[in-house]
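Reviewing the structure listed below.
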Amino acid sequence: MDDEVVSYLLNQFSGGLQSSKVSWKRDLQELEKLIRRNIENAPAGEKPSLREKLYRLNNILVECQAASFLSREGIISLWRIRNTLKEIKEELKSKDSITISSNGNFSPRRDDQGNSSNVRDTGRQSHQSVSPLVVHGFDDEIMSLMKLLVYERSKEKFSAVGITGMAGVGKTTLCQEIIKRDEVKKHFVPRILVSMSQKPDGNKDAKIALVERILLSLGVEENTIQSVSNRGLSALICALHVHLMGKKYMIVLDDAQEVDTWFENLNSPLTGKVKWEQSLAYGLPKGYGGTVLVTSRNKDLAKKMVGEENVHPVLPLADKEKCWLIFKDAVEQDGTPFNPPNVELEDLKKEIIRKCSGLPLAARVLGEIMKETMEEAPVPNGHIVTVHPQLPTDSNSNV
């Protein structure tokens with residue numbers, strides 16, 4: 001029965017990809033090939049997991065078809081969809097590599113900067129995969145945070161900082177840019193960025209899943225994490241604390257959403273009268289110069305986590321021209337010059353600036369869509385047919 005359901009869902013997904021109006025079509029086509037290979041090689045016990053992924057992919061395909069013409073809110077939604085596709089792709093590739101591996105083992109690799117090379121955003125693309133594109137418009141914010149985190153702080157003092165703002169304003173990008181700065185690399189080891197928005201698999205406790213992801217990002221072996229996890233949340237928090245003892249770590253907790261006292265007061269020190277599992281803060285050693293950055297759309301939540309005085313809001317770009325630069329960078333990221341025929345660049349520029357309303361992510365997504373459209377629509381004379389997204393006016397919409 002499982003085989004029949006999987007076959008039906010796969011055929012449904014493949015048929016849906018024939019539509020010409022599908023955003024992120026290449027990503028979906030790659031996933032189709034990958035999941036076919038997984039289905040061919042998977043043992044019977046893996047079929048239910050693959051079936052669930054096919055359900056998700058079919059639902060995502062419907063969203064991609066509906067999102068061909070976008071509002072600004074839709075642009076942000078499309079970016080989340082693409083990150084979900086990347087998450088599914090990583091999961092499938094991991095299973096694929098384990099299937100063909102001679103010993104079935106998978107363990108993280110660390111680079112010479114103390115970072116785990118398999119640090120990945122399971123839920124958002126917001127880990128070590130720092131965007132190679134030039135970052136525009138964050139000079140003031142970067143300088144302010146660098147002063148706070150590196151130049152004007154006690155070397156041994158723990159700090160917790162919140163970065164807040166609406167979706168798409170660039171909170172994650174700002175943290176990624178901070179993490180890769182040379183001054184930060186010299187000052188903080190290890191440095192990781194972990195998503196807080198991922199929903200745990202099955203019935204796993206969300207707190208346990210988060211601490212497991214942090215430990216994995218820090219380079220702890222998966223079998224070690226699982227052994228500790230079997231003893232519960234208290235053992236995991238204790239293991240995290242021990243692993244970070246004596247280190248000037250930088251941990252970015254990206255996209256905090258859940259309102260729970262367990263996440264609050266990250267500055268709280270561990271005392272002899274508390275239990276490990278009572279707070280995430282107890283897994284973060286104080287007194288060694290460690291730092292935690294929290295990004296969130298919820299300013300009140302960030303205040304509870306890091307303290308009101310430590311919250312730094314990020315606003316849409318004041319210089320709206322930066323959105324055009326971000327858009328062009330996304331289109332030209334593979335070195336192809338953006339010079340589409342039959343398009344008035346000045347008119348396109350005005351539309352992009354108007355639709356993005358200062359949101360860097362909106363500009364990036366529109367650039368990705370334009371790039372994909374250009375690559376998929378060649379014409380006989382060797383040029384490219386470029387159809388830029390016709391977005392409805394929604395300057396007052398909230399994202």
Rounded distance [0.5 Å steps], CG in L236 versus CD1 in I214: 10.0 Å
Same apolar cluster (I L V M F W Y, side chains within < 4.5 Å links), Y55/L28: yes
So for atom CD, which belongs to E308, do other residues, nucleotides or ligands contribute more than 12 heavy atoms lying within a distance under 6.0 Å? no
Same apolar cluster: L361 and L325, side chain cutoff 4.5 Å: no
Flag, side chain of K286 to backbone of S268, donor-acceptor distance under 3.5 Å: yes
Path from V184 to L148 over hydrophobic side-chain contacts below 4.5 Å: yes
Quick one, I178 with V252, criterion side-chain contact (heavy atoms from CB on, under 4.5 Å). Give me CA distance, side-chain angles, the key distance, then yes/no. CA-CA 10 Å; I178 291 290; V252 180; over 6 Å; no
Hphob cluster co-occupancy, M245 + I237, side-chain heavy atoms under 4.5 angstrom: no
Whether the side chain of S296 engages the backbone of A256 through a donor-acceptor N/O pair (distance < 3.5 Å, no angle test) should be reported. yes
Scan side-chain atoms only and decide if S14 and R36 contain a donor-acceptor pair under the 3.5 Å cut-off. yes
In Å and rounded to the nearest 0.5 Å, what is the CG to CD1 distance from L366 to I352? 4.5 Å
Using a 3.5 Å distance criterion without hydrogens, assess whether the side chain of S144 forms a donor-acceptor pair with backbone atoms of D140. no
Given the options L31, I81, D27, I60 meets side chain to side chain contact (heavy atoms under 4.5 Å, CB included) only with I81
No-hydrogen, no-angle side-chain donor-acceptor test under 3.5 Å, E368 and Q333: yes
How would you list, by chain and number, every residue that makes a side-chain hydrogen bond (donor to acceptor under 3.5 Å, both in side chains) with E277, sequence neighbours excluded? S234
Under the 3.5 angstrom rule, does the side chain of S279 hit a backbone N or O of W276 as a donor-acceptor pair? no
What pairs with E30 under side-chain hydrogen bond (donor to acceptor under 3.5 Å, both in side chains), at least two apart in sequence or on another chain? K89
Single-linkage hydrophobic cluster M146~V314, side-chain heavy atoms < 4.5 angstrom: yes
Please check: side-chain N/O of N58 versus main-chain N/O of L9, any donor-acceptor pairing under 3.5 Å? yes
Taking P285's backbone N and O only, do any of them form a donor-acceptor pair with Y249's side chain (distance below 3.5 Å, no angle check)? yes
Are the side chain of K171 and the backbone of M166 linked by a donor-acceptor contact shorter than 3.5 Å? yes
Before accepting this row, confirm whether a basic side-chain N of the pair K86/E90 lies closer than 4.0 Å to the acidic partner's carboxylate O. no
State, without any angle test, whether S195 and D255 hold a side-chain donor-acceptor pair at a distance under 3.5 Å. no
Atom pair CG/CD of N298 and Q257 - distance to nearest 0.5 Å: 9.5 Å
